[in-house]
Amino acid sequence: MVSIAAAQNEAHVQLTASLGAEDSARVMDALAFVKPIYQGTTVATDQDRFDFCQGVATTLALLETDAETRIAGLLFELPAIDAVAAGTIELRFGTEVAVLVAGIRQLMRLHEITFSQQQVSDRKNAAQQAAVQVETLRKMLLAMASDMRVVLVRLASRVTTLRYFADQKLENERTRKYAQGTFDIYAPLANRLGIWQLKWELEDLSFRFIEPEAYKRIARMLEEKRIQREGFVSSAIERLRSELGTAGIKAEVFGRPKHIYSIWTKMHGKSLDFSEMYDVRAFRVIVDDVKTCYAVLGIVHDIWTPIPEEFDDYISRPKQNGYQSLHTVVVAEDGRPLEVQIRTRDMHHFAEYGVAAHWRYKESGGSHSAGQKYDEKIAWLRQLLAWKSEVVDAVVSQEEIHREWVEKLKSATLDDRIYVLTPQARVIELPNGATPIDFAYHLHSDVGHRCRGARVDGAMVPLNTALKNGQTVEIITAKGGSVAAGPSRDWLSPGYTASTRTRSKVRAWFNAIDQQETLATGRSLIEKSLQREGKTAVNLEELAHKLGFPKLDDLLLAVAKEQFSLRHVEQALHDGETQKDGIGQINPDDAVVPRKSRASSVTQGAKSGVLVVGTDGLMTQLARCCKPAPPDEIVGFVTRGRGVSIHRASCKNFMEMRTRAPERVIQTAWGKAGAETVYPVDIFVLASDRQGLLRDISESFLREKINVIGVSTQSAKGQARMAFTAEISSTAQLLKALTVIREVDGVNEVRRQ
């Protein structure tokens with residue numbers, strides 16, 4: 001039986017593996033420092049705290065990380081690290097270790113919050129659960145932006161936890177949650193970092209808890225054929241070694257570990273039986289250079305028959321995470337598949353340890369080529385953002401949900417997005433250059449409107465301060481009932497906001513304020529008019545409907561903007577003879593009243609050119625309901641006190657009046673009007689709504705030299721309904737204008753009303 005002292009000594013050797021004497025002493029000093037502090041305490045999973053941290057540091061040692069990372073792995077579980085304790089860590093173990101510990105603790109704190117969110121989401125629908133997973137990915141990326149070693153410690157921590165669950169044979173809801181989180185986040189992250197040692201173990205351990213029956217079945221089948229399989233692989237290795245020796249090639253040939261989750265995935269993905277799995281029988285060949293890799297490939301294909309569709313050349317076409325190797329599957333003597341992987345020593349080193357192996361070059365005084373490799377790896381790390389898409393697809397494709405939000409996440413990069421924290425450690429994604437104002441409006445429109453100041457990392461800053469990755473932002477707001485509770489117009493100036501969403505919300509606030517002021521002005525004008533007429537008891541809503549407006553606000557706005565004359569309001573208040581005639585009734589289309597009519601317009605007193613048969617000198621006026629213009633067929637109707645009203649012969653109002661009082665109908669005709677006389681007509685346009693539509697139609701009128709004196713537009717469900725009052729000299733000019741407008745992009749219908 002191995003003694004406790006011997007076991008501890010072996011653990012210490014593993015903990016300091018690949019380090020020099022000085023770094024080894026620092027790691028052991030950290031171990032001695034935490035041992036009395038951790039004694040008798042446990043972590044959240046009930047594992048002994050000292051054993052847990054020692055396991056994390058040992059896993060980091062297997063990845064050949066630097067001493068600072070291993071020390072941070074030992075220290076990050078120190079309880080309640082305050083400013084004094086942090087100062088002690090920095091003084092004893094250095095600034096770099098202190099920064100790493102702070103970053104790890106921040107990431108752990110984010111995980112705790114996320115885990116609590118997951119527990120809440122378990123009671124909600126699958127879409128919200130997927131959203132929580134994606135949120136976690138953003139938090140991981142936030143940590144990556146500062147120091148990748150923080151993420152390495154997090155991976156080592158998760159492996160240590162799952163190993164503890166497996167050793168204790170724990171199978172409950174907690175272990176399944178940890179396993180599922182590992183599948184969704186940590187295993188794909190280890191894959192993207194190229195750390196296959198952790199990737200396979202994370203997947204196998206998670207699979208053990210999520211699909212225990214499938215795991216046990218495959219493990220049992222592996223064990224049953226183990227002796228026969230290992231005997232065959234050993235003989236195949238010996239044969240290849242002999243062939244390589246004959247060819248003068250130096251190489252290491254050894255069996256490849258069997259990964260249960262990989263076997264299960266391929267069995268399901270390719271509908272294969274266990275006996276057909278080539279992963280079960282496999283070995284690797286490690287050589288000195290790339291040229292020799294291809295030479296070995298030729299020898300392997302000469303010994304056994306290759307399966308062409310199973311060949312992958314990851315040397316000439318490396319994976320996105322930098323992985324390089326030759327993969328081939330051949331048919332062995334017994335007719336069953338055999339997998340062979342061929343790579344150089346550098347490729348194998350990277351395949352086993354991934355980016356973790358390159359941190360040790362940082363301050364190790366390594367060779368120029370090693371430093372260059374390190375720089376290349378740092379540049380490659382910037383591509384990690386592509387990993388978001390891989391994992392997000394894996395999470396969301398299961399439920400086919402949350403697509404819009406995921407697309408936004410896929411398009412985010414470190415260059416155009418930043419990630420900041422709320423005081424509760426919730427991660428907020430903002431555009432690069434975002435300010436506290438953008439942050440406030442992202443939280444809630446009401447918070448944005450009432451924003452009066454901001455603290456960033458505890459310090460007060462101006463509201464136009466550009467935020468940076470990882471900062472904690474706290475918004476100071478005015479009280480809801482305060483007179484000052486509203487945005488400042490300065491926020492629309494350059495430099496105050498980076499988000500178009502924020503600017504639109506600020507503009508919407510001021511547009512609402514302006515509209516309220518306009519409504520108040522319109523109400524005041526109408527109420528004064530009612531007072532003059534002695535009609536203060538009139539219901540304004542009913543008055544608006546009588547005047548052809550669907551809502552009172554529409555009437556108030558039209559009056560305040562001088563688009564609707566108060567004279568029409570006064571007319572509507574009197575039920576006199578004029579309304580019995582039909583003259584003086586307000587058509588809804590009159591809501592746009594001429595404001596800039598030409599002096600030669602009949603609306604400005606110009607002669608209409610209408611001749612009344614058999615009489616001379618009668619006062620005539622063109623009816624507003626149908627707005628006749630030469631050469632329309634016209635008729636006259638004698639009103640009481642307002643002369644002859646001229647209508648188009650097809651006018652519905654005229655037909656009704658003729659039915660009631662046929663004796664008042666007289667014949668009229670167009671005579672000679674002034675050379676510059678113009679007549680107002682109404683034009684209706686129905687079009688597919690789009691930006692710039694009104695401008696394009698207005699330009700059509702401008703090209704035809706037609707003056708527009710009134711415009712009314714409404715848009716609903718993508719359709720724009722537009723009414724124009726234009727001044728024309730003849731219907732020929734009108735027809736030409738209608739033809740031109742009909743050619744405007746998006747116009748579906750145009751006609752004279």
Side-chain angles (χ1 to χ4, degrees), residues 14 55-56 58-65 151-167 175 178-212 214-223 226 229-230 233 254-270 272 274 277-286 312 314 318-327 329 339-343 347-357 387 390-391 394:
Q14 292 177 345
V56 171
T58 302
T59 301
L60 293 168
L62 293 175
L63 297 176
E64 299 189 6
T65 55
V151 183
L152 298 182
V153 176
R154 188 72 193 93
L155 292 174
S157 167
R158 181 49 65 101
V159 167
T160 304
T161 297
L162 292 178
R163 286 173 184 165
Y164 170 72
F165 289 158
D167 290 342
T175 60
Y178 270 85
Q180 190 61 56
T182 301
F183 255 137
D184 293 339
I185 300 171
Y186 299 107
L189 175 56
N191 177 59
R192 190 62 177 151
L193 293 175
I195 310 174
W196 271 265
Q197 274 195 340
L198 295 187
K199 186 250 189 186
W200 292 121
E201 190 171 5
L202 286 167
E203 288 182 340
D204 280 358
L205 288 171
S206 300
F207 183 60
R208 174 175 181 163
F209 296 110
I210 294 175
E211 296 284 350
Y215 179 90
K216 292 173 183 176
R217 185 174 67 254
I218 295 175
R220 188 167 53 250
M221 288 188 292
L222 284 171
E223 183 60 27
R226 182 176 59 83
R229 181 178 65 251
E230 290 179 354
V233 172
F254 51 87
R256 188 171 74 82
K258 311 302 176 292
H259 302 294
I260 293 177
Y261 176 68
S262 173
I263 293 172
W264 181 84
T265 302
K266 290 177 181 176
M267 286 175 63
H268 278 256
K270 298 185 178 181
L272 298 175
F274 181 77
M277 290 298 301
Y278 54 80
D279 269 29
V280 176
R281 308 196 308 175
F283 59 83
R284 289 196 181 108
V285 183
I286 310 299
D312 290 300
Y314 294 120
K319 291 185 178 181
Q320 286 188 346
N321 52 24
Y323 175 86
Q324 289 183 291
S325 184
L326 294 176
H327 291 192
V329 178
E339 185 189 52
V340 183
Q341 295 180 354
I342 308 166
R343 59 180 68 146
M347 292 174 190
H348 181 65
H349 193 258
F350 180 79
E352 291 298 300
Y353 305 114
V355 70
W387 161 76
E390 298 173 11
V391 187

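Reckoned from all heavy atoms, side chains included, excluding hydrogens, waters and symmetry mates. Keep in mind the model is a prediction, meaning the values are calculated, not measured.
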For the CG atom of Leu63 and the CG atom of Leu155, what is their distance to the nearest 0.5 Å?
8.5 Å
Taking all non-hydrogen atoms of both residues into account, name the closest pair between Val159 and Leu198 and its distance.
CG2-CD2, 3.8 Å
Where is the tightest heavy-atom contact between Ile342 and Ser325, given as atom of each residue plus distance?
O-OG, 3.2 Å
Between Leu326 and Tyr314, is there a side-chain heavy-atom distance shorter than 4.5 Å?
no
If the condition is ring-ring contact (aromatic ring centres under 6.0 Å, His included), which residues does Tyr215 pass it with, not counting sequence neighbours?
none
Nearest-0.5 Å distance that lies between atom NE2 in His327 and atom CD in Glu339
6.5 Å
Mind listing the closest non-hydrogen atom pair of Ala166 and Leu205 along with its distance?
CB-CD2, 4.0 Å
Residues at least two apart in sequence or cross-chain that pass side-chain hydrogen bond (donor to acceptor under 3.5 Å, both in side chains) with Thr59, listed by chain then number, are Arg163
Taking all non-hydrogen atoms of both residues into account, name the closest pair between Val285 and Val340 and its distance.
CG2-CG1, 4.1 Å
Which distance, rounded to the nearest 0.5 Å, do you find between the OH of Tyr186 and the CG of Leu202?
10.0 Å
CZ of Arg284 to CD of Gln341, rounded to nearest 0.5 Å, is 4.5 Å
Who passes side-chain hydrogen bond (donor to acceptor under 3.5 Å, both in side chains) against Thr182, sequence neighbours left out?
Arg158
Once you round to the nearest 0.5 Å, how far does CG of Leu62 lie from CD of Gln14?
6.5 Å
Just to verify, what does Phe207 make a ring-ring contact (aromatic ring centres under 6.0 Å, His included) with, not counting sequence neighbours?
Tyr261, Trp264
Which value, rounded to the nearest 0.5 Å, describes the distance between Ile286 atom CD1 and Phe254 atom CZ?
4.5 Å
Contact check, side chains of Tyr178 and Phe209, non-hydrogen atoms, under 4.5 Å
no
